[in-house]
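A short worksheet on the structure shown next.
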Amino acid sequence: MEPLKTCMFVVAFACISIWTTGTIVSSESVGYQVARCMPKGVHLAYGDKASDLVIIWSTEDQCLPSNVQYSLNNPWGPYQTAPGETHVFETPNVKKDNLHRVKIRDLKPDSTYFYKPSSEGVSAGPYMFKTAPTSQGSNAAHFLVVSDISSTSPAIPTLQREAATGDFVAILHAGNIAMNLSTRNGEIGDEYFRLMEPAVRAVPYMVAPGPNEQEDGTYKHYLERFSMPGQEWPMGRSEMWYSVDIGPVHLISFSSEVFYTNGGQYKTLQHDWLIRDIKLANKNRNNVPWVVAFGHRPMYCSYENPALECSKKGSDLKNGLEDILYRFGADIVIQSYGAAYERSYPQFKGVPVNENYTDPLAPVHIITGGASPWDMEYNFTDTKPKWCAFRYTNKSVMSYGRLNIQNASYAQYEQVNAETAEVIDSFTITQTKHGQFSIEDLPENVSATIDKNIADAGGKPGVLNIQEIGTTKDENRIQQLLRGDNRNRLIIGIVGGVVALVALIVILAVRRCRKRRRTTRRWETMDINYGKKFYSKAPEKDEDNDFEIDMSDGTEGTRQLLNGD
């Protein structure tokens with residue numbers, strides 16, 4: 001059937017060309033145009049909100065105009081059309097593909113859509129995707145979690161099968177995409193998108209940068225081949241972080257790479273953006289209770305190499321991210337490091353604050369294993385650190401994760417063997433108290449250990465490294481005191497101070513009034529009647545310098561005296 005359809009398409013296209021231009025177009029030229037304009041590497045992503053979807057693909061020629069036809073529930077239509085935009089993608093050596101992007105806005109939640117990307121009349125599909133549920137805590141949202149996937153990874157067919165189930169609202173890729181999109185002048189990236197297309201054209205593909213995204217010295221392939229929420233397209237280096245609400249989850253993608261490449265301004269930009277974003281998210285926790293953040297490099301690991309920053313008590317990555325994610329109540333932090341898999345207890349500063357996952361008092365860190373056939377660079381240490389709840393030591397196994405948010409208070413995570421589909425690890429989180437975390441809410445011995453680790457890492461105990469524009473660390477400490485037991489003491493002190501100040505003001509006012517009343521009096525209250533005269537005495541003097549003003553009709557002698565008569 002496929003050859004027959006192609007033949008019919010070529011004939012039809014030739015007939016249309018003759019009718020519109022009066023020129024006979026050969027089947028070879030038609031086939032050439034079809035090949036050069038056929039959408040390739042189609043992949044989805046969320047727009048600024050979950051009801052908006054972005055569709056990106058590439059063509060060998062510019063092939064204008066580009067658009068997407070889409071239909072609700074029915075592959076046969078009727079179809080609506082969304083217009084697209086085109087960007088010429090060039091590498092330093094040779095012009096590569098032409099990239100096309102289309103935004104489809106205001107889609108119905110929890111619904112099935114069919115779509116056909118098209119460039120210069122050459123379309124692919126129809127393909128299918130399912131939209132996310134509404135942002136209500138009672139809804140479920142399931143995510144695939146991957147990292148370190150090469151174009152030769154045997155995990156790709158597994159991910160294609162998972163995506164085809166329609167059970168997942170997004171694929172979260174925590175860096176090292178294709179293990180280097182720029183290899184061989186981008187040919188590896190093209191091959192990767194070709195292989196991953198069945199998965200990422202059905203499920204939104206949400207990414208975070210890793211070190212491999214700039215092995216060519218730039219982030220060009222990452223910034224131009226993808227389009228993420230809240231950003232211009234092509235993206236800029238100052239826009240490699242974003243967030244979007246997907247069902248009951250506020251998803252945050254951060255860049256761990258700003259701490260390892262030149263350009264301190266990017267660290268500051270991300271730091272300030274992250275604080276603003278997660279503050280806003282906290283105001284909406286009743287509707288979107290879960291906060292899940294993901295990026296590439298881990299803050300914590302238990303590898304035997306002490307030179308690794310994730311093995312140290314302090315690092316730029318920890319200083320730049322950990323306190324913000326803890327203070328503002330991120331529930332889960334997903335990171336990656338090669339083929340190893342680890343998960344933590346709820347922990348802060350390397351100190352487990354819970355021994356289970358019931359109402360955690362700190363974020364849970366998940367280091368998802370890579371899904372490419374490569375060996376670990378390091379083994380695990382012999383002694384597992386206290387924060388580590390589970391780690392998988394078989395370095396030959398490729399794996400990926402499933403994050404299943406069931407409702408407002410229940411989440412499950414599974415790490416899965418990418419080849420056999422065997423579940424390597426599974427655990428559940430029950431969180432009924434979503435929101436900010438505070439050292440003040442922890443047992444005294446736990447908070448003391450945290451303060452010690454902060455001091456050992458070069459920080460100031462009791463002070464979180466959250467430096468907002470226009471604030472100081474001391475001001476942040478005052479804000480911390482507004483939580484926990486100290487909050488009550490502070491409130492009592494403030495109320496007592498206000499009461500004392502009011503009492504002092506009242507006493508001073510009363511004394512002032514009494515003083516005024518003692519220094520003035522009505523003469524008419526005396527026994528001697530001089531008529532209506534006002535009598536005033538100079539306050540601080542003993543001599544008799546009283547004076548009278550006659551307030552009568554002027555017939556008395558005193559009035560005459562005053563008039564000089």
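These figures come from a predicted structure and were not determined experimentally.
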When you measure from the side chain of [X] to the backbone N and O of [Y], does any donor-acceptor pair fall under 3.5 Å?
X      : Y      : result
Asp323 : Asn465 : yes
Glu213 : Thr218 : no
Thr183 : Asn180 : yes
Asp110 : Ala132 : no

Assert yes or no for the condition that the ring centre distance of Phe380 to Tyr303 is strictly below 6.0 Å.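 Yes.
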
Do the ring centers of His43 and Phe226 come within less than 6.0 Å of each other?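 Under 6.0 Å, so yes.
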
[X] and [Y]: side chain donor to acceptor below 3.5 Å:
X      : Y      : result
Ser147 : His173 : no
Ser302 : Arg391 : yes
Tyr400 : Glu162 : yes
Glu191 : Ser151 : no
Thr134 : Asn139 : yes
Asp316 : Asn319 : no
Thr158 : Glu419 : no
Ser119 : Trp57  : yes
Ser182 : His221 : no
Ser243 : Asp277 : yes
Glu197 : Tyr192 : no

Taking [X] first and then [Y], would you say they form a salt bridge - that is, a charged N and a carboxylate O separated by under 4.0 Å?
X      : Y      : result
Lys49  : Asp245 : no
Lys103 : Glu85  : no
Lys312 : Glu309 : no
Lys220 : Glu224 : yes

Is the positively charged end of Lys116 above the ring of Tyr127, judged by distance under 6.0 angstrom from the centroid and angle within 45° of the axis?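 No, cation not above the ring by the 6.0 Å, 45° rule.
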
Less than 6.0 angstrom from the centroid, inside 45 degrees of the normal: does Arg297 satisfy that with respect to the ring of Tyr260?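 Yes; both conditions hold, so Arg297 lies above the ring face of Tyr260.
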
Would Asp48 and Arg105 count as a salt bridge (charged side-chain N to carboxylate O under 4.0 Å, His left out) here? Give the steps. CA-CA 9 Å; Asp48 296 344; Arg105 304 178 187 275; 5.4 Å; no

List the steps and the verdict of salt bridge (charged side-chain N to carboxylate O under 4.0 Å, His left out) for Arg285 and Asp331. CA-CA 12 Å; Arg285 294 295 276 264; Asp331 298 291; 3.1 Å; yes

Given side chains that start at C-beta, do those of Ser118 and Gln69 come closer than 4.5 Å, heavy atoms only?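 Not in contact.
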
Check the angle between the aromatic planes of Tyr341 and Tyr413 and answer parallel, tilted or perpendicular using the 30° and 60° thresholds.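 Parallel: the ring planes of Tyr341 and Tyr413 meet at under 30°.
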
Considering all heavy atoms, the nearest Ser399-Ala371 contact: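 For Ser399 and Ala371, the tightest heavy-atom pair comes out as O-CB, 3.7 Å.
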
Working for side-chain contact (heavy atoms from CB on, under 4.5 Å), residues Met228 and Met206: CA-CA 7 Å; Met228 293 292 115; Met206 311 306 292; 3.9 Å; yes

Using 0.5 Å steps for rounding, measure from the CD1 atom of Ile405 to the CD atom of Gln412.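 Going from the CD1 atom of Ile405 to the CD atom of Gln412 covers 10.0 Å.
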
Passes ring pair (Phe, Tyr, Trp, His ring centres under 6.0 Å), His250 versus Trp290? Steps please. CA-CA 6 Å; His250 180 73; Trp290 293 90; over 10 Å; no

Any chance you could lay out the side chain to side chain donor-acceptor pair (under 3.5 Å) test for Tyr266 and Glu257, step after step, and finish with the verdict? CA-CA 10 Å; Tyr266 299 121; Glu257 301 316 295; over 6 Å; no

